[in-house]
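As the structure lists them, so they are numbered: ligands from 1, and atoms in each ligand from 1. Only heavy atoms go into these numbers, but all of them, side chains included; no hydrogens, no water, no symmetry mates.
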Amino acid sequence: MNPLTVLGIESSCDETAAAVLRLDENGPHVISDVVRGQAAQHAPYRGVVPEIAARAHVEVLDGTIAAAMADARLGFAELDGIAATAGPGLIGGVMVGLLAGKAIALAHDKPLIAVNHLEGHALSPRLAQGGATFPYLLLLVSGGHCQFIAVLDVGVYRRYGSTMDDALGEAFDKLAKLLNLGFPGGPLVESAAENGDSKRFALPRPLLGREGCDFSFAGLKTACARAVERLGVLTDQDKADLCASFQAAVLDIVEDRTRNAMRMFDSVWGAKGRLVAAGGVAANQAIRSRLEALGEDRGYDFIAPPLRWCTDNAAMIALAGAERLRLGFSDDLSFPARPRWPLDEEAARLRPSHQAGRKGAKA
Ligand code: KG4
Ligand code: ZN
């Protein structure tokens with residue numbers, strides 16, 4: 001194949017990011033990768049405020065793209081395409097990045113690839129050396145999404161299950177808010193849990209033992225809120241114990257649901273597969289270790305991207321764009337920003353011939 005060099009732009013939540021990636025016959029190479037977070041701007045509100053996010057993207061996006069191009073020592077004319085996140089996400093931010101991508105594509109007469117942010121996460125394990133080969137079972141766990149997807153090829157995705165209420169990252173963030181730990185909550189809950197007693201609070205494990213691989217975290221969240229109410233004034237030890245008990249419940253839920261998802265994956269693709277975790281929550285070491293142990297138990301290889309490519313970044317958007325461009329896909333400049341955009345619906349639109357999985361097929 002001809003090498004493809006693509007600029008990726010990401011602005012769907014609270015990270016402004018730009019990256020340049022080259023895709024050739026040896027796989028993807030990240031040439032530059034710039035991420036500018038906005039945590040400090042959102043921290044006073046203990047959550048992402050969409051309008052603040054959109055304004056912050058406007059302020060720093062041009063500089064972020066310029067930095068990624070400078071790090072790559074490339075001019076726009078040397079690119080083969082511009083990939084920008086077109087959804088799902090906070091619409092103001094998505095529009096900022098998508099419009100910038102369209103402007104660069106138009107000014108330099110390059111193809112635009114409007115990338116589904118979830119496809120970026122789904123393909124992110126392929127960014128690392130020796131990354132995942134198709135097909136693989138993906139647990140996508142972020143602030144807005146929580147689902148199992150069979151990733152069969154670029155653009156060929158089957159959703160096996162998803163959350164019935166909160167996303168897992170949202171559950172971490174809400175607990176952090178309840179305990180006044182700060183923002184973003186996931187890493188703070190994880191580090192507080194390290195000093196806590198995971199058996200002190202008997203918390204529910206919703207859907208444990210049930211069929212399928214959907215998730216529900218509402219009951220767990222309510223039980224945490226009740227525990228906080230009962231305690232009244234909380235010591236640091238109380239907080240650590242609640243975080244540890246919450247994380248222990250999460251680990252049991254994730255293991256149980258993943259076992260069922262593996263059974264569903266096995267029934268189509270045969271045993272001995274690849275289990276991949278991606279999205280911000282996949283940065284959690286306790287979750288990574290539990291999935292790795294489960295993988296060993298079930299004969300699955302466990303793969304997770306390096307931490308910097310778990311949370312939002314533009315390298316994964318550039319990769320999704322380059323892979324789509326390689327297959328001959330690009331998008332019209334009229335492509336709209338989409339606040340909601342399920343990954344499997346997109347798959348159906350792009351590659352209808354791949355709808356049926358084949359037992360025993362090789363990557
Ligand atoms: O993928 P991401 O950066 O943005 C979305 O697309 O949502 O994920 C952010 C989410 C937040 O909810 C954050 O609290 C969570 O990932 N997160 C973690 C950890 N690091 C980030 N959750 C648990 N443990 C972590 N170490
Ligand atoms: Zn994300």
Original post:
Numbering the atoms of ligand 1 from 1, which are under 4.0 Å from a heavy atom of G144?
Top reply: 7 (O)
**OP:** Give yes if a backbone or side-chain nitrogen or oxygen of H121 is under 3.5 Å from a nitrogen or oxygen of ligand 1, and no if not.
**Re:** yes
Subject >> Nearest atoms (heavy-atom pairs only) where R205 meets L203 >> reply: NH1-O, 2.7 Å
Original post:
Within the side chain of H117, is there an N or O that forms a donor-acceptor pair under 3.5 Å with the backbone of P88?
Top reply: no
**OP:** Measure the shortest side-chain to side-chain distance between T258 and Y300 over non-hydrogen atoms and say whether it is less than 4.5 angstrom.
**Re:** no
Original post:
Do N260 and R210 pass the side-chain hydrogen bond (donor to acceptor under 3.5 Å, both in side chains) test, and can you show the C-alpha distance, the side-chain angles, and the key distance before you say yes or no?
Top reply: CA-CA 9 Å; N260 286 2; R210 299 269 192 91; over 6 Å; no
Original post:
To which protein heavy atom is atom 2 (P) of ligand 1 closest, and what is the distance rounded to 0.1 Å?
Top reply: D312 OD1, 3.4 Å
**OP:** Any chance you could lay out the side chain to side chain contact (heavy atoms under 4.5 Å, CB included) test for E15 and C13, step after step, and finish with the verdict?
**Re:** CA-CA 6 Å; E15 247 84 45; C13 191; over 6 Å; no
Original post:
Looking only at protein heavy atoms, which one is nearest to atom 9 (C) of ligand 1, and how far off is it?
Top reply: G143 N, 3.8 Å
**OP:** Heavy-atom distances under 4.0 Å are what count here, so tell me which part of H145 touches ligand 1: side chain, backbone, both or neither.
**Re:** neither
**OP:** Carefully, step by step, assess H145 and L343 under the rule side chain to side chain contact (heavy atoms under 4.5 Å, CB included).
**Re:** CA-CA 11 Å; H145 300 275; L343 192 52; over 6 Å; no
Subject >> Flag, side chain of K221 to backbone of E170, donor-acceptor distance under 3.5 Å >> reply: no
Subject >> Numbered atoms and elements of ligand 1 in range of G169, under 4.0 angstrom, heavy atoms >> reply: 12 (O)
**OP:** Tally every protein N/O/S atom whose distance to the Zn ion (ligand 2) is less than 2.8 Å; waters are neither shown nor counted.
**Re:** 3
Original post:
What protein heavy atom sits nearest atom 24 (N) of ligand 1, and how far away is it?
Top reply: N284 ND2, 3.1 Å
Subject >> Nearest protein heavy atom with distance in Å, relative to atom 18 (C) of ligand 1 >> reply: G186 CA, 3.5 Å
Original post:
Between F76 and H108, how do the two ring planes meet: parallel, tilted or perpendicular, split at 30° and 60°?
Top reply: tilted
Original post:
Tell me, which protein residue and heavy-atom name are nearest atom 26 (N) of ligand 1, and how many Å apart are they?
Top reply: E190 OE1, 2.8 Å
**OP:** Mind listing the closest non-hydrogen atom pair of A67 and R36 along with its distance?
**Re:** CB-NH2, 3.9 Å
**OP:** Give the residue and atom name of whichever protein heavy atom lies nearest to atom 13 (C) of ligand 1, and the separation in Å to one decimal.
**Re:** D173 OD1, 3.8 Å
Original post:
Can you find an N/O atom of P184 closer than 3.5 Å to an N/O atom of ligand 1?
Top reply: no
Original post:
How far does SG of C310 sit from CD1 of I287, to the nearest 0.5 angstrom?
Top reply: 10.5 Å
Subject >> Under 3.5 Å donor-acceptor, R257 side chain and D214 backbone >> reply: yes
Subject >> Element-labelled atoms of ligand 1 that are located less than 4.0 Å from some non-hydrogen atom of T311 >> reply: 3 (O)
Subject >> Nearest-neighbour protein heavy atom for atom 21 (C) of ligand 1, which is reported as residue plus atom name and distance >> reply: G280 O, 3.3 Å
**OP:** Describe, in one word, how the ring planes of F183 and H42 are oriented to each other, choosing from parallel (under 30°), tilted (30 to 60°) and perpendicular (over 60°).
**Re:** perpendicular
Original post:
Which heavy-atom pair separates Y157 from D153 by the least distance, and what is that distance?
Top reply: CE2-O, 3.8 Å
Subject >> Proximity flag H117 to ligand 1, non-hydrogen atoms under 4.0 Å >> reply: yes
Subject >> Within-shell test, C13 vs ligand 1, heavy atom, strictly < 4.0 Å >> reply: no
